[in-house]
Amino acid sequence: MEALTSAPEEVIGEVRGVGPAIAAAVSGFFREERNRTLVERLAKAGVRMDEPVKVTAGGVFDGQTFVLTGTFPKLSRGEATRLIQQAGGAVTGSVSKKTTAIVAGDEPGSKLEKAKTLGIQIWDESELLRRLGR
């Protein structure tokens, strides 16, 4: 979204499926301060404005569900989520019997204890990366 708010009309028009009229409208929208302010408020309120993740059908995590908890030394939570999704997996916020594994970093909190209680696999960041082939 940040790139879009400052992109010139010509660049917006280069996007596949976007013609001159739409490029002009989008560019004009972001030239108005009130519209930029609105987008900022929506982002602060939690509206996701990131690019959709391309999911690999039949990926290594196809049909599996993961929970992330704690902080990781190398990856941000967003990066870890993206990697799991690209490999066909899903990331949820709570542990259940359907959870394949929990990826636990430093200071994991109560999700780790629940995973132990349910007998869910517990991975660290290194194990996640190893299974992704990285």
Side-chain angles (χ1 to χ4, degrees):
M1 184 57 77
E2 288 178 36
L4 183 59
T5 61
S6 60
E9 185 176 327
E10 300 78 34
V11 172
I12 296 170
E14 292 174 4
V15 174
R16 184 172 160 238
V18 175
I22 292 175
V26 171
S27 179
F29 176 86
F30 285 114
R31 278 195 299 269
E32 294 185 31
E33 179 64 33
R34 68 181 182 165
N35 294 332
R36 289 191 306 273
T37 301
L38 171 63
V39 171
E40 288 173 14
R41 286 181 48 218
L42 290 170
K44 286 180 184 175
V47 174
R48 293 189 59 189
M49 298 185 199
D50 50 352
E51 188 174 349
V53 174
K54 181 179 178 183
V55 175
T56 304
V60 67
F61 293 154
D62 194 29
Q64 298 179 29
T65 304
F66 298 86
V67 174
L68 306 175
T69 185
T71 56
F72 306 112
K74 296 177 185 172
L75 300 173
S76 69
R77 286 239 191 151
E79 291 168 322
T81 298
R82 183 181 51 78
L83 290 172
I84 290 168
Q85 290 173 336
Q86 285 177 334
V91 177
T92 64
S94 59
V95 179
S96 73
K97 291 182 214 176
K98 295 180 181 181
T99 302
T100 303
I102 183 170
V103 183
D106 295 333
E107 301 178 30
S110 62
K111 292 177 186 177
L112 179 60
E113 294 308 315
K114 185 168 183 180
K116 288 178 182 177
T117 302
L118 294 173
I120 305 293
Q121 293 182 56
I122 300 167
W123 299 352
D124 61 11
E125 179 187 64
S126 297
E127 181 65 11
L128 173 65
L129 292 172
R130 185 187 72 74
R131 291 183 184 233
L132 287 166
R134 295 180 173 250

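Note that the structure is predicted; figures quoted are calculated from it, not measured.
With sequence neighbours excluded, no residue satisfies side chain to side chain donor-acceptor pair (under 3.5 Å) with E10. Applying the side chain to side chain donor-acceptor pair (under 3.5 Å) criterion to E113, with sequence neighbours excluded, gives no partner residue. Contacts of S126 classified as side-chain contact (heavy atoms from CB on, under 4.5 Å), with partners at least two apart in sequence or in another chain: D124. In this view, S94 satisfies the side chain to side chain donor-acceptor pair (under 3.5 Å) rule with no residue, not counting sequence neighbours. Every residue was checked against the side chain to side chain donor-acceptor pair (under 3.5 Å) condition with S110, not counting sequence neighbours, and none meets it.
In summary, E40 and R36 do not engage in a salt bridge, as defined by a charged side-chain N under 4.0 Å from a carboxylate O. The pair E79-R82 fails the salt-bridge criterion, with no side-chain N (NZ, NE, NH1 or NH2) lying under 4.0 Å from an Asp/Glu carboxylate O.
Tracing side-chain contacts under 4.5 Å through hydrophobic residues (I, L, V, M, F, W, Y), one never reaches L4 starting from V11; they form parts of separate clusters.
Without hydrogens or angle criteria, T65 side chain to A90 main chain gives no donor-acceptor distance under 3.5 Å. When atom types are taken as modelled, the side chain of R77 and the backbone of F72 share no donor-acceptor pair closer than 3.5 angstrom.
Considering every non-hydrogen atom in both L75 and E125, the closest pair reads N-OE2, 2.7 Å.
The line from NZ of K114 to OG1 of T99 is 8.0 Å long, rounded to the nearest 0.5 Å. Once rounded to the nearest 0.5 Å, the distance linking CZ of R131 with CD of Q121 reads 5.5 Å. Note that the CZ atom of F66 and the CD atom of Q85 stand 11.5 Å from one another [nearest 0.5 Å].
Hydrophobic clustering, defined by side-chain heavy atoms of Ile, Leu, Val, Met, Phe, Trp and Tyr closer than 4.5 Å, groups I122 together with V67, V95, I102, L112, L118, I120.
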| message | Test side-chain contact (heavy atoms from CB on, under 4.5 Å) on I84 and L68; report intermediate values, then the result. | response | CA-CA 10 Å; I84 290 168; L68 306 175; 4.0 Å; yes
| field | side-chain contact (heavy atoms from CB on, under 4.5 Å) assessment of V39 paired with M49 | value | CA-CA 9 Å; V39 171; M49 298 185 199; 3.8 Å; yes
| request: Verify side-chain contact (heavy atoms from CB on, under 4.5 Å) between E9 and F30, making sure each step is shown before the conclusion. | output: CA-CA 10 Å; E9 185 176 327; F30 285 114; over 6 Å; no
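Put simply, the side chain of L132 reaches to within 4.5 Å of the side chain of F61, judged on heavy atoms. The shortest distance between side-chain heavy atoms of R134 and L83 falls below 4.5 Å.
The closest side-chain donor-acceptor pair between R31 and S27 falls under 3.5 angstrom.
Residue-environment remark: CD (E107) stays at or below the threshold of 12 foreign heavy atoms within 6.0 Å.
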